[in-house]
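Single-structure report; data block below.
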Amino acid sequence: MFDDLKGKRVLITGSSQGIGLAVARAFAAHGAKVGLNGRHAPEGLDTLLQTLRATGEAEFFAADLATTAQCERLVAEFVRRFGGIDVLVNNAGALVGRKQLPDIDDAFYEAVCDVNMRSALMCTKFALPHLRASAQASGETAAVISTSSIAGHLGGGPGAGLYGAAKAWLNAENKNWVSYHTQDRIRFNIVSPGVVDTAFHADKGPEVRAAIAQEIPMGRFATADEMAPAYLFFASHACSGYITGQILDVNGGQYMH
Ligand code: NAP
């Protein structure tokens, strides 16, 4: 079904674990050339790369995407290694912490905005010429896929208002990219997960997790692997060549428009 992903050069930010890593595994399984990223190399990196290289190509690039300079360096290093970019996945993001309004200071504001907003904005900016070149050369569309969140629709849980707002910003920014860069033959879509069982929820005990699961019609957290097909779909020109500016909610029915 995703045959056209074979050989595609796919840069996935924040992919040393969790959703990003599951997405990287799925792309590599379809023969793509995958760039992994995180601030730190994950444990067992050599084994991980070996596994991914059994079906595709893979490289890890350490970069802290909370800074513009490292977004630029990541894109440059990926392009040096693979010769261009066909698909960018803006997945790096974090809650950073939970702070209610009275406790939010400049440092917290900047930390949340930098990792969730600056990372996507600047990686997309630096990838843009390469995505444009990819589309021109292939005659197909290039793709930017960004990871938002159910919090972008609902405003975020306790102490997560800034995080929810950053994801809502991403949803809006994506529309602007569609308006002004569709002529470059680049499609911009969003995957918006609900509650996914990753390190993101490491601070929650069994009782809190059970209470959250009860609020989800599916009755459970999603696995990271259950997110991956949505990214493959948006990356594949054959599957979604006329789809842009959309938000695909993968949330077990927890939020419905
Ligand atoms: P995760 O398991 O904590 O993974 C986060 C990934 O991002 C890691 O690879 C991490 O690597 C990387 N990262 C964090 N800060 C970074 C930075 N400054 N620069 C570069 N990489 C950075 O979280 P996840 O659940 O997979 O989340 C992935 C995305 O899904 C995020 O955008 C998150 O907001 C979104 N999301 C998650 C859920 C959920 O329930 N899990 C729900 C909705 C949306 P390092 O630590 O090495 O930097």
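Heavy atoms only: backbone and side chains are in, while hydrogens, waters and symmetry mates are out. Since we're looking at a predicted model, the values are computed, not measured. Both ligands and their constituent atoms are indexed starting at 1 by order of listing.
- Around ligand 1, the residues contributing at least one heavy atom under 4.0 Å from the ligand are Gly14, Ser15, Ser16, Gln17, Gly18, Ile19, Asn37, Gly38, Arg39, His40, Ala63, Asp64, Leu65, Ala66, Asn91, Ala92, Gly93, Val115, Thr147, Ser148, Ser149, Tyr163, Lys167, Pro193, Gly194, Val195, Val196, Thr198, Ala199, Phe200, His201.
- A salt bridge does not link Arg220 to Asp197: none of the charged side-chain nitrogens sits closer than 4.0 Å to a carboxylate oxygen.
- With Asp4 contributing its side chain and Ala238 its backbone, the two residues share a donor-acceptor pair below 3.5 Å.
- The backbone N or O of Ala28 sits less than 3.5 Å from a side-chain atom of Thr55, completing a donor-acceptor pair.
- Paired with Glu140 under the rule salt bridge (charged side-chain N to carboxylate O under 4.0 Å, His left out), one option of Arg185, Arg187, Lys8 passes, and it is Lys8.
- Among residues two or more places apart in sequence or in another chain, the ring pair (Phe, Tyr, Trp, His ring centres under 6.0 Å) test is passed with Phe108 by none.
- At least one test fails for Arg9 against the ring of Phe78: distance under 6.0 Å to the centre or angle within 45° of the axis.
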